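To keep things clear, I will list the structure first and then write my remarks on it.
Note that the structure is a prediction, hence the values are computed from the model and not measured. As the structure lists them, so they are numbered: ligands from 1, and atoms in each ligand from 1.
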Amino acid sequence: MKLKHLEMALQRLNGFAKPRPSLEQYQTPAPLAARLVYHAFMRGDIEGKSVCDLGCGTGVLAIGASLLGARSVLGVEIDPGAVEVARLNTGLLGASVEYIVADVREETFPDHLGPCDTVIMNPPFGAQKAHADRPFIDCALRVAPVTYGIFNEGSMQFIKAYTRGRAAIDEKVASALPIKRTFSFHTHDVQEIEVEILRLITMQ
Ligand code: SAH
């Protein structure tokens, strides 16, 4: 499947029925989601691999990984309502993803989850609650040797410092995230924010 076709497929997915600001529920727009999973695919981190999407929301990244030939994909999400939409979306595109409702902040959660080859995630940026992305990073580094995450522009230094001794950032792909007016405190119809896709390698 080509990048363009993946993007067109992901464009068809349903978004959050009732997005919850406290959970920073923004669906990754299809072009950015396709870019992350396609990039990971080109680097050999998707096809034939076991992939886990932390905070999978309505499933756009997880479904993308499945369409690109992941051996298995697991979506983890705290909000059962979002998982319902994700299941619907998975069927819509004939993908194969297993979902579990769970909180990545649970200390023992990574042990339950078990190891996988690749984590993909667009975690909360911490706009509503400071450091909301940290448990996602911690969990990813405990379960997978390779992680792709979408972060705010300029986060790289912070993430480098936060993961020192545990992971190395070996790639940064700059990208833009158009945020549609979702919550009442949004002042523009569409606002573009700069983001970066980081590839983290867990240290043994
Ligand atoms: N990955 C999806 C959703 C991104 S929004 C996409 O790319 O479109 C971030 C998601 O993380 C939301 O769906 C939110 O409900 C979920 N989330 C927030 N805190 C969480 C937690 N502690 N454990 C699991 N999921 C969480």
Side-chain angles (χ1 to χ4, degrees), residues 6-7 9-40 46 51-68 70 73-90 92-93 95 97-113 118-140 142-144 147-152 155 173 175-180 182-183 186 193 195-198:
L6 178 65
E7 191 181 317
L10 297 180
Q11 209 93 55
R12 293 176 52 211
L13 299 182
N14 301 289
F16 290 99
K18 275 186 258 148
R20 290 161 62 180
S22 61
L23 292 174
E24 294 192 41
Q25 291 186 327
Y26 298 102
Q27 186 176 35
T28 307
L32 178 58
R35 185 156 186 201
L36 183 150
V37 281
Y38 204 82
H39 192 87
I46 300 290
V51 176
C52 184
D53 179 356
L54 299 180
C56 66
T58 51
V60 63
L61 297 174
I63 292 167
S66 168
L67 295 179
L68 291 181
V73 187
L74 182 66
V76 176
E77 170 58 48
I78 197 170
D79 175 10
V83 168
E84 239 173 74
V85 179
R87 288 210 167 97
L88 199 87
N89 281 337
T90 306
L92 187 72
L93 296 192
V97 180
E98 218 186 287
Y99 293 97
I100 53 169
V101 175
D103 185 340
V104 302
R105 289 170 299 189
E106 292 279 338
E107 179 58 31
T108 56
F109 175 65
D111 305 325
H112 295 309
L113 190 59
T118 308
V119 163
I120 51 179
M121 61 183 188
N122 184 5
F125 285 174
Q128 297 299 313
K129 205 163 144 261
H131 309 312
D133 54 352
R134 289 187 181 185
F136 285 78
I137 298 168
D138 294 342
C139 180
R142 279 173 64 185
V143 298
T147 297
Y148 291 83
I150 301 175
F151 301 96
N152 257 330
S155 299
V173 184
S175 213
L177 172 65
I179 295 201
K180 286 201 206 123
T182 311
F183 302 120
H186 288 166
I193 61 166
V195 294
E196 37 203 47
I197 298 169
L198 301 180

Interfacing atoms of ligand 1 (cut-off 4.0 Å, heavy-atom, [X]):
{"X": "Phe16", "result": "13 (O)"}
{"X": "Glu24", "result": "5 (S), 9 (C)"}
{"X": "Tyr26", "result": "3 (C), 4 (C), 5 (S), 8 (O)"}
{"X": "Pro124", "result": "18 (C)"}
{"X": "Ala102", "result": "23 (N), 24 (C)"}

Closest non-hydrogen atom pair, [X] against [Y]:
{"X": "Arg12", "Y": "Leu92", "answer": "O-CD2, 3.6 Å"}
{"X": "Leu36", "Y": "Tyr148", "answer": "CD2-CB, 4.0 Å"}
{"X": "Tyr99", "Y": "Val83", "answer": "CB-CG1, 3.7 Å"}

Residue selection (non-hydrogen contact nearest [atom]) among [options]:
{"atom": "atom 4 (C) of ligand 1", "options": "Ile100, Leu23, Asn122", "value": "Asn122"}
{"atom": "atom 25 (N) of ligand 1", "options": "Ile120, Ile150, Ile78, Val85", "value": "Ile78"}
{"atom": "atom 3 (C) of ligand 1", "options": "Ser22, Ala62, Gly55", "value": "Gly55"}

Can you confirm, on distance only, whether ligand 1 has an N/O atom lying under 3.5 Å from any N/O atom belonging to Val104? yes
At what distance, to the nearest 0.5 angstrom, does [atom1] of [X] lie from [atom2] of [Y]?
{"X": "Asp133", "Y": "Glu24", "atom1": "CG", "atom2": "CD", "value": "8.5 Å"}
{"X": "Leu61", "Y": "Thr28", "atom1": "CG", "atom2": "OG1", "value": "5.0 Å"}
{"X": "Leu67", "Y": "Leu10", "atom1": "CG", "atom2": "CG", "value": "6.5 Å"}

Under 4.0 Å between heavy atoms, the region of Val60 that gets near ligand 1 turns out to be side chain
Select one of side chain, backbone, both or neither to describe which atoms of Phe136 lie under 4.0 Å from any atom of ligand 1, heavy atoms only. side chain
Got a donor-acceptor contact below 3.5 angstrom from the Glu77 side chain to the Asp79 backbone? yes
To check your reading of the model: name the closest protein heavy atom to [atom], its residue, and the distance in Å.
{"atom": "atom 2 (C) of ligand 1", "result": "Cys56 O, 3.3 Å"}
{"atom": "atom 15 (O) of ligand 1", "result": "Glu77 OE2, 2.6 Å"}
{"atom": "atom 7 (O) of ligand 1", "result": "Thr28 OG1, 2.4 Å"}

Decide whether the shortest distance between a heavy atom of Asp103 and an atom of ligand 1 is less than 4.0 Å. yes
Gly59 to ligand 1, any heavy atom closer than 4.0 Å: no
Taking the side chain as every heavy atom from C-beta outward, state whether Tyr38 and Leu68 have any atom pair closer than 4.5 Å. yes
Is any side-chain heavy atom of Gln27 closer than 4.5 Å to one of Asn122? no
Taking 4.0 angstrom as the limit, do Asp138 and Arg105 come out as a salt bridge? no
